[in-house]
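Scroll down for the structure; my scribbles are underneath it.
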Amino acid sequence: MATDTLKSTPGAGGATSGLRRLLLDNGALTALIVLVVALSALSGDFLTTDNLLNVGVQAAVTAVLAFGVTFVIVSAGIDLSVGSVAALSATVLAWSATSHGVPVVLAVVLSVATGIVAGLVNGFLIAYGKLPPFIATLAMLSVARGLSLVISGGSPIPFPDSVSHLGDTLGGWLPVPVLVMAVMGLAAAVVLGRTYIGRSMYAIGGNEEAARLSGLRVKKQKLAIYALSGLFAAVAGIVLASRLSSAQPQAADGYELDAIAAVVIGGASLAGGTGKASGTLIGALILAVLRNGLNLLNVSAFWQQVVIGVVIALAVLLDTVRRKAGATPPAAGTGGNKGGQAGTYALAAVVAVAVVGATSFLHNGSAGSTAPRMGLSLSTLNNPFFVQIRAGAQAEAKKLGVDLTVTDAQNDASQQANQLQNFTSSGLGAIIVNPVDSDAAGNSVKAADKAGIPVIAVDRGVNKAAVNALVASDNVAGGELAAKTVAEKLGGNGRIVILQGQAGTSAARERAEGFAKGLKAYPGIKVLAQQPADFDRTKGLDVMSNLLQAHPDVQGVIAANDEMALGAVKALGSKAGRSVQVVGFDGTPDGLTAVKGGTLYASVAQQPSRLGRIAVDNALRAVRGKKVEPTVKVPVKVVTKDNVAGFSG
């Protein structure tokens with residue numbers, strides 16, 4: 001056998017082969033140590049107690065999801081629904097406890113039961129319905145997300161205070177999410193290594209037909225496996241919502257991919273039969289360390305996605321190399337050299353301690369930059385409006401000599417919470433935040449306040465926390481202006497449709513509220529339909545094309561941003577600007593070009609670059625101890641063909 005050969009090979013060649021085998025068998029752990037060493041050397045902010053605790057908190061939700069997915073992947077399945085099931089479970093808890101007065105304990109039980117039921121449905125469709133796991137869980141992904149939006153009405157629901165403590169710390173320093181991660185990881189390890197169902201997972205993943213012929217009730221085992229995945233997803237959803245103090249219907253969007261990536265990076269094979277809870281934990285930590293470190297190094301969020309994709313590909317490549325080399329780490333519950341594993345982890349601990357000492361010495365006494373350091377967390381950079389905020393902020397920072405770090409939350413409130421935690425632990429002079437959701441940003445802003453870091457909110461406010469200043473336009477007032485503009489253009493009578501923003505976001509809610517208020521003054525305007533197009537141009541095109549089939553007589557369109565308005569213009573073709581008047585929102589460069597061309601009648605411009613400039617200016621004033629106004633309003637302006645030439649955002 002390969003292992004016997006290695007053990008019997010004397011001399012340097014044997015030592016080299018042994019080292020090679022050690023690295024192959026513990027590739028994920030090796031990668032984690034290398035990452036820690038590299039990031040510690042590159043950033044003096046990385047290897048601090050606060051930041052390492054941040055990494056643990058940021059890994060917690062992904063790790064808990066991934067523990068559940070480990071069961072599925074070990075049994076040669078896949079579960080794409082865990083992110084949506086997590087959001088649905090948290091929504092059920094908040095909805096039942098907050099909106100319907102259900103006792104919190106019972107609400108938690110309902111939440112966990114929701115996750116288990118979703119898993120059982122997946123298992124039934126796969127085991128008895130003979131659907132491929134990819135298709136069954138993809139369907140559940142859509143169903144669970146849709147139910148979350150239906151139950152919540154597209155708006156975040158406040159989380160019960162007694163459950164929200166899961167997002168707090170014990171003793172003022174130990175984060176509860178890290179404890180939950182440890183408990184769930186231990187439970188996953190016990191299930192995999194010490195139970196009948198755990199051994200069944202490995203048997204099914206190794207050879208399902210052989211497992212069936214040996215007397216294993218494969219169908220019933222699959223039901224239990226997917227139910228366990230749903231259970232872990234529910235726990236992850238509760239922890240995530242606790243961190244954000246609210247159940248977000250769009251929470252954990254895309255987290256299923258992170259969970260699968262963590263399992264694969266941790267050494268499990270998508271072909272089934274191998275995988276360990278400890279490997280999954282290391283995989284989740286690698287993803288969290290990567291994101292944390294890249295944030296601290298001010299690497300673009302777009303490049304972060306590239307880096308994480310490369311890491312996943314390398315992890316799968318390592319798995320292939322390991323198999324070809326005959327290095328097969330023992331599956332949980334099958335024995336293996338436990339003493340050797342303990343020695344490996346002890347060696348890793350020694351290396352980590354050495355890194356701490358070396359990097360502390362390296363960074364001690366190093367001269368820091370004299371420029372004020374600030375962080376700007378934007379809700380998304382996949383929208384020209386927020387790109388303009390960034391451009392204005394960066395231009396003002398350069399002018400004032402400010403070192404500005406910009407991050408992209410990608411419309412994920414949890415990811416933004418991580419970024420704000422990273423800013424706080426880095427000891428920045430000030431933080432500027434454009435919240436994904438006003439409620440969800442509250443806890444992170446409180447932490448910054450506690451650390452004595454001034455916080456400036458831009459475009460959207462922060463609820464349940466104090467900020468030094470809010471630099472914003474009024475979305476509700478802008479919505480009223482948009483409604484008034486299209487109504488007056490139609491002479492107070494006509495048929496219109498409304499393209500709404502992404503469900504669950506504060507901007508979408510506030511602008512829709514403004515549209516409704518503005519249209520009350522024009523009873524002759526009939527709203528034929530209101531449909532979300534998620535602030536996206538392509539979806540605006542598709543939704544408008546569909547609405548035209550049902551309402552070919554439409555005369556006006558109000559869109560909650562210019563991107564959707566431009567999609568509607570494309571769908572309308574020659575009707576745009578002639579028989580159908582389209583009004584957008586934001587005043588983006590493409591929107592203003594369409595206004596000049598006459599296809600877009602008007603855009604309610606918020607002057608985004610000015611928002612960014614003013615936010616940086618106020619942040620610097622706060623850093624220097626100067627007075628800042630609590631609210632700085634940047635007026636919105638209706639831009640039409642008549643005044644577009646003189647307008648500059």
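The figures that follow rest on heavy atoms only: side chains count, while hydrogens, waters and symmetry mates do not. Remember, predicted model here, so these are calculated numbers, not experimental data.
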Notebook entry, point to check: What is the minimum heavy-atom distance between A262 and A66, and which atoms define it?
Noted result: CB-CB, 3.9 Å

Next item on the list: Give a yes or no answer on whether the side chain of S214 reaches the backbone of A211 with a donor-acceptor pair at less than 3.5 Å.
Entry: yes

Checklist line | T70 and T280 side chains, donor-acceptor separation under 3.5 Å | finding: yes

Check: Taking Q416 for the side chain and V436 for the main chain, is one N or O donor matched with an acceptor at less than 3.5 Å?
Finding: yes

Margin query: As an exercise, state the distance from CD1 of I126 to NZ of K219, rounded to the nearest 0.5 Å.
Written below: 13.0 Å

Next item on the list: Determine the minimum heavy-atom distance between A277 and L192, stating which atoms define it.
Entry: N-CD1, 3.8 Å

Check: Is it true that R291 and D258 have a side-chain N and a carboxylate O under 4.0 angstrom from each other?
Finding: yes

Check: How about D412 and Y255: do any of their side-chain heavy atoms sit closer than 4.5 Å?
Finding: yes

Next item on the list: Specify the closest pair of heavy atoms between L52 and F46, including all atoms of both residues, with the distance to one decimal.
Entry: CD2-O, 4.1 Å

Notebook entry, point to check: Taking atom types as modelled, is there a side-chain donor on S148 or T91 under 3.5 Å from an acceptor on the other?
Noted result: yes

Notebook entry, point to check: Can you check whether D408's main-chain N or O pairs, donor with acceptor, with Q419's side chain at less than 3.5 Å?
Noted result: yes

Next item on the list: Say whether, by atom type as modelled, one donor and one acceptor occur between the side chain of R145 and the main chain of P249 under 3.5 angstrom.
Entry: yes

Item checked: Whether D534 side chain and D536 backbone form a donor-acceptor pair below 3.5 Å -> no

Notebook entry, point to check: Does S229 reach the main-chain N or O of I225 with its side chain, forming a donor-acceptor pair under 3.5 Å?
Noted result: no

Check: Closest approach of A233 and V82, non-hydrogen atoms and distance?
Finding: CB-O, 3.7 Å

Check: With distance as the sole test, does T98 use its side chain to make a donor-acceptor pair with the main-chain N or O of P158 at under 3.5 Å?
Finding: yes

Notebook entry, point to check: Would the F124 and Y226 ring centres measure less than 6.0 Å apart?
Noted result: no

Margin query: Give me each pair satisfying side chain to side chain donor-acceptor pair (under 3.5 Å) with a member in residues 116-128, each pair once, sequence neighbours excluded.
Written below: S81-N122

Expected list for residues 55-62: side-chain donor-acceptor pairs under 3.5 angstrom, two or more places apart:
unit_1	atom_1	unit_2	atom_2	d
Q58	NE2	N418	O	3.2
Q58	NE2	N422	OD1	2.9

Note to self: Between N443 and S245, is there a side-chain donor-acceptor contact under 3.5 Å, judged purely by atom types and distance?
What the structure shows: yes

Next item on the list: Could you pull out the closest heavy-atom pair between G230 and V85, with the gap in Å?
Entry: O-CG1, 4.3 Å

Notebook entry, point to check: Side-chain contact, heavy-atom cut-off 4.5 Å: R243 with S414?
Noted result: yes

Note to self: Tell me whether S242 contacts the main-chain N or O of V163 through its side chain, where contact means a donor paired with an acceptor under 3.5 Å.
What the structure shows: yes

Notebook entry, point to check: Do Q248 and S246 have a side chain donor and acceptor closer than 3.5 Å?
Noted result: yes

Notebook entry, point to check: CG of D45 to CG of N295: how many Å apart, nearest 0.5 Å?
Noted result: 12.0 Å

Notebook entry, point to check: Regarding Y202 and T274, is there a side-chain donor-to-acceptor distance under 3.5 Å anywhere?
Noted result: no

Check: Under 3.5 Å, is there a donor-acceptor pair between the side chain of T424 and the main chain of L420?
Finding: yes

Check: Using a distance-only test with no angle check, is there a side-chain donor-acceptor pair under 3.5 angstrom linking S425 and N54?
Finding: yes

Margin query: Any donor-acceptor pair under 3.5 Å linking the side-chain atoms of T380 with those of Q410?
Written below: no

Margin query: Looking at L141, is its backbone amide N or carbonyl O close enough to the side chain of S84 to form a donor-acceptor pair, meaning the two atoms are under 3.5 Å apart?
Written below: yes

